[in-house]
Enquirer: 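Take a look at the following structure, please.
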Amino acid sequence: MIMMKLLKPIISSVLFLFLAQGFIWSAPPIINYAGQVSVNGSPFTGSGLFKFAMVHGSANSVTTVWSNDGTSSSGSEPNGHVAVQVNGGLYSILLGNQAINGMAPINPDIFSSHNDLVLRVWFNDGTNGFQQLTPDRPLASVPYALSAEHANIPNGAISLNMLDSGLRSTLQPEQTTTISDDLNLTNQDTVFATLDINRTISINLPPAQNNDGRQIRIVPSKSPIKLNFNSSDNTDSDWALAKSTVELISNQGRWTHLGTSPHYGINGMLKDIHTGAPNSWPSYFKLYNGLLYFRGNDGIYGNELWVSNGTEAGTYLLKDIITGPTSSSPSHFKEVNGTLFFSANDHTHGSELWKTDGTANGTVMVKDINASTNHSRPYPLGVLNNELFFRADENTHGLELWKTDGTSNGTTLVKDIRPGILGSNPLYGLEFNGTIYFQANEGVNGVELWKTDGTANGTVMVKDIHPGSSNSHPIDFVEYNNEIYFRANDGIHGHELWKTDGTTNGTTMVKEICLGITGSDPRQGVVFNQKLYFRARDQLHGTELWQTDGTANGTALVKDIRPGVEGSGPWNLIEANGSIYFSAHDGIHGQELWKSDGTSSGTKLCKDLYPGINSSSPNWFTEMNGSLYFHAHDGIHGQELWKFDFSEL
């Protein structure tokens with residue numbers, strides 16, 4: 001079953017593209033659209049196949065006005081498709097861009113003729129075939145953007161004062177500064193500056209005790225930005241403790257402090273890895289030896305292994321595992337005893353187990369487990385006794401439980417849980433008190449909760465939560481109060497919050513949050529301030545932020561971020577620097593960066609990185625050296641690597 005939540009159309013991108021065409025009525029429009037797709041409840045990653053159609057009308061009478069290949073009629077599925085790279089469940093596509101194979105142009109007349117258009121989408125993950133995704137998404141803003149092109153306005157009739165204030169500030173380079181008392185330049189090398197939606201620059205400086213005559217100047221690297229000082233500001237004591245001239249260089253929201261020797265204080269996009277609008281899709285973030293390792297694509301070498309020390313210059317390709325633009329797609333990083341293991345495909349041995357010591361020469365394949373032309377598809381489950389336990393397929397037993405000490409000879413099968421070529425497919429492991437908990441299917445009881453102590457005899461099913469051959473699909477394991485909490489389906493209550501102490505009798509449901517067989521689908525659990533926080537849905541609020549103390553009565557909604565049944569869809573929860581950080585959509589700002597202190601009033605938007613209803617879709621949150629790292633889309637650079645000091649969030 002394919003489940004999907006579509007993000008709202010990126011309306012400001014639509015307006016920008018029309019403006020860039022100079023309001024030429026005959027020019028076919030291009031619509032920048034972003035979405036999110038999950039397969040079996042997990043964010044899909046890979047090359048997905050999509051079909052798109054714009055339709056209008058009632059349920060009994062639907063008319064297609066455009067489809068990606070022009071073959072759809074009456075809302076039917078188009079014949080042709082387009083291939084789109086999906087990373088961590090997120091994708092974007094330029095509808096109507098004829099440079100994309102399988103994409104037909106959009107006739108702008110359809111928007112002037114219809115004001116009730118919706119976008120219909122079909123998706124194929126390469127396994128389950130094409131399925132229509134629901135619900136259809138409205139395109140209400142597009143007609144208004146196009147209708148403006150009909151206006152007969154004489155040249156010179158539009159004055160500057162008639163424009164939106166945000167557009168005026170973009171066209172007029174001179175801006176003002178706001179000074180605050182957040183930073184002591186005598187104790188720190190880094191100055192942080194921010195640029196708000198109205199392009200007002202805020203520089204954090206302390207009050208000074210005396211005046212040494214120094215000034216601060218700003219040097220724009222792209223659009224012209226200039227500080228306007230009041231008559232007293234050039235000699236005001238707020239500037240006095242700067243020991244040398246400070247340059248603040250603006251580059252699309254990235255601000256850098258340069259003193260006698262360079263020091264970087266970066267808040268915003270850390271590096272435009274794939275220069276320009278295309279996405280680099282940094283993902284699978286992992287801290288190792290004080291550095292951030294991840295998968296990225298610079299448009300030259302494909303999806304390969306990257307590393308960052310938190311500076312632009314220190315963010316670079318570690319190794320091009322497959323020379324040239326073909327991707328090795330490293331993923332699922334796990335550190336064991338000073339070595340970082342991961343999955344990669346060198347297109348000679350297939351998807352196999354690799355390791356790195358942080359150097360290019362030390363990045364090597366551990367073992368060609370599936371020596372045929374197929375893939376072993378390694379997936380980490382946990383660490384016991386300095387060995388990595390993982391899922392793999394050597395083409396005889398199917399996907400089963402393996403372990404490695406980092407050597408080829410020390411990489412062996414632990415147990416053939418489901419004898420035969422089908423395999424038990426163990427997934428989503430968590431180590432707890434010397435035991436790894438995971439899901440597996442031994443061929444009799446379906447996909448259920450299992451555990452291992454690292455031995456064949458000690459690898460057993462904990463409980464058949466959904467009795468019989470049906471699947472309970474336990475997933476999203478997290479340790480809390482000396483127990484393991486997870487999502488499971490007992491066949492009666494749907495997917496709900498469960499917990500286990502490792503015994504059959506000690507494996508129980510915490511609470512039926514969403515009454516009925518649908519279930520609340522609790523996911524993304526994180527422990528904070530002695531409670532477990534997670535995303536879940538109920539009949540009234542949609543998917544929102546919840547908390548539990550491990551009891552039914554102590555399980556409650558934290559905040560209805562997006563009132564109504566649609567929900568804000570909080571995702572990628574992480575505890576960092578005394579708060580919970582996550583992405584959410586409040587219906588006003590799109591999917592953006594949020595944080596919570598565990599209370600309703602303390603749950604708030606941090607940054608609207610892609611201003612307006614558009615979504616920056618931040619994901620893969622990771623803490624390193626006092627900063628939050630993630631990928632996001634600002635509407636200009638595509639999905640790229642971002643970094644914020646916690647003092648700025």
Enquirer: Would you sort out whether Y581 and V526 count as a side-chain contact (heavy atoms from CB on, under 4.5 Å), showing the intermediate values?
Expert: CA-CA 10 Å; Y581 291 88; V526 60; over 6 Å; no
Enquirer: List the atom of A536, the atom of P522, and the distance in Å for their closest heavy-atom pair.
Expert: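 Distance-wise, the nearest heavy atoms are CB-CA, 4.2 Å.
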Enquirer: Angle class for the H473/H495 ring planes (parallel below 30°, perpendicular above 60°, tilted otherwise)?
Expert: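 Aromatic pair H473/H495 classed tilted.
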Enquirer: Does either side chain, that of N553 or that of T551, offer a donor lying less than 3.5 Å from an acceptor on the other one?
Expert: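 No, no side-chain donor-acceptor pair sits under 3.5 Å.
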Enquirer: Relative to the ring of F294, is the ring of F285 parallel (under 30°), tilted (30 to 60°) or perpendicular (over 60°)?
Expert: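 Judged by the thresholds at 30° and 60°, the geometry between F285 and F294 is perpendicular.
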Enquirer: Looking only at non-hydrogen atoms, find the nearest pair between M461 and N445 and report the distance.
Expert: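 Heavy-atom minimum between the residues: CE-ND2, 3.6 Å.
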Enquirer: For the residue pair S617 / Q591, report whether a side-chain donor-acceptor contact shorter than 3.5 Å exists.
Expert: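 Q591 vs S617: no donor-acceptor pair found between side chains.
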Enquirer: Report yes if some heavy atom in the side chain of D298 is under 4.5 Å from a heavy atom in the side chain of S280; otherwise report no.
Expert: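 When only atoms from C-beta onward are counted, S280 and D298 do not touch, as no gap falls below 4.5 Å.
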Enquirer: Would you check if W498 and P474 make a side-chain contact, meaning some heavy-atom pair closer than 4.5 Å?
Expert: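 W498 vs P474: side chains apart.
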Enquirer: Would you call Y379 and R377 a side-chain contact if the rule is heavy atoms closer than 4.5 Å?
Expert: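 When only atoms from C-beta onward are counted, R377 and Y379 do not touch, as no gap falls below 4.5 Å.
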Enquirer: Does some side-chain heavy atom of F333 sit less than 4.5 Å from a side-chain heavy atom of L305?
Expert: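 The answer is yes, as the side chains (C-beta and beyond) meet within the 4.5 Å cut-off.
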Enquirer: Measuring only between side-chain heavy atoms, which start at C-beta, is L381 closer than 4.5 Å to P426?
Expert: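 Yes, their side chains come closer than 4.5 Å.
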Enquirer: Indicate whether any N or O donor in one side chain lies under 3.5 Å from an N or O acceptor in the other, for S520 and E496.
Expert: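 On atom types as modelled, these side chains qualify, holding a pair under 3.5 Å.
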Enquirer: Please confirm whether the ring centroid of F390 lies under 6.0 Å from the ring centroid of F341.
Expert: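 Not close enough - the centres of the two rings lie 6.0 Å or further apart.
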Enquirer: Only one of Y629, F630, W571 passes ring-ring contact (aromatic ring centres under 6.0 Å, His included) with F621; say which it is.
Expert: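 Answer to the ring-ring contact (aromatic ring centres under 6.0 Å, His included) test with F621 among Y629, F630, W571: F630.
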Enquirer: Got a sec: does the CG of N385 have more than 12 other heavy atoms crowding it under 6.0 Å?
Expert: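 Result for CG/N385: open.
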Enquirer: Going by the rule side-chain contact (heavy atoms from CB on, under 4.5 Å), which residues pair with N505 if we only count those two or more places apart in sequence or in a different chain?
Expert: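 Checked N505 against side-chain contact (heavy atoms from CB on, under 4.5 Å); zero matches.
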Enquirer: Under the criterion ring-ring contact (aromatic ring centres under 6.0 Å, His included), I'd like the reasoning laid out for Y437 against F477: C-alpha separation, chi angles, the key distance, then a yes or no.
Expert: CA-CA 8 Å; Y437 293 81; F477 301 103; 7.4 Å; no
Enquirer: With a 4.5 Å cut-off on side-chain heavy atoms, are Y480 and D549 touching?
Expert: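 The answer is yes; the side chains approach within 4.5 Å.
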Enquirer: Report yes if some heavy atom in the side chain of T548 is under 4.5 Å from a heavy atom in the side chain of K499; otherwise report no.
Expert: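 They are not in side-chain contact.
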Enquirer: Should the pair D476-R523 be classified as a salt bridge under the 4.0 Å nitrogen-to-oxygen rule?
Expert: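 Salt bridge present between D476 and R523.
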Enquirer: Which pair of heavy atoms, one from T404 and one from L353, lies closest together, and at what distance?
Expert: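 Nearest pair, atom of T404 first, then L353: CG2-CD2, 3.8 Å.
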Enquirer: Kindly give the heavy-atom pair with the smallest separation between D464 and H466, and that separation in Å.
Expert: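 Looking at all heavy atoms of both residues, the shortest contact is OD1-O, 2.9 Å.
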Enquirer: E544 versus R535: any side-chain heavy-atom pair under 4.5 Å?
Expert: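 They are not in side-chain contact.
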Enquirer: Scan side-chain atoms only and decide if S42 and Y428 contain a donor-acceptor pair under the 3.5 Å cut-off.
Expert: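 Y428 and S42 do have a side-chain donor-acceptor pair below 3.5 Å.
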Enquirer: How far apart are the closest heavy atoms of S424 and I417, and which atoms are they?
Expert: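 Looking at all heavy atoms of both residues, the closest pair is OG-CB, 3.5 Å.
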Enquirer: Describe, in one word, how the ring planes of Y284 and W620 are oriented to each other, choosing from parallel (under 30°), tilted (30 to 60°) and perpendicular (over 60°).
Expert: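 Judged by the thresholds at 30° and 60°, the geometry between Y284 and W620 is tilted.
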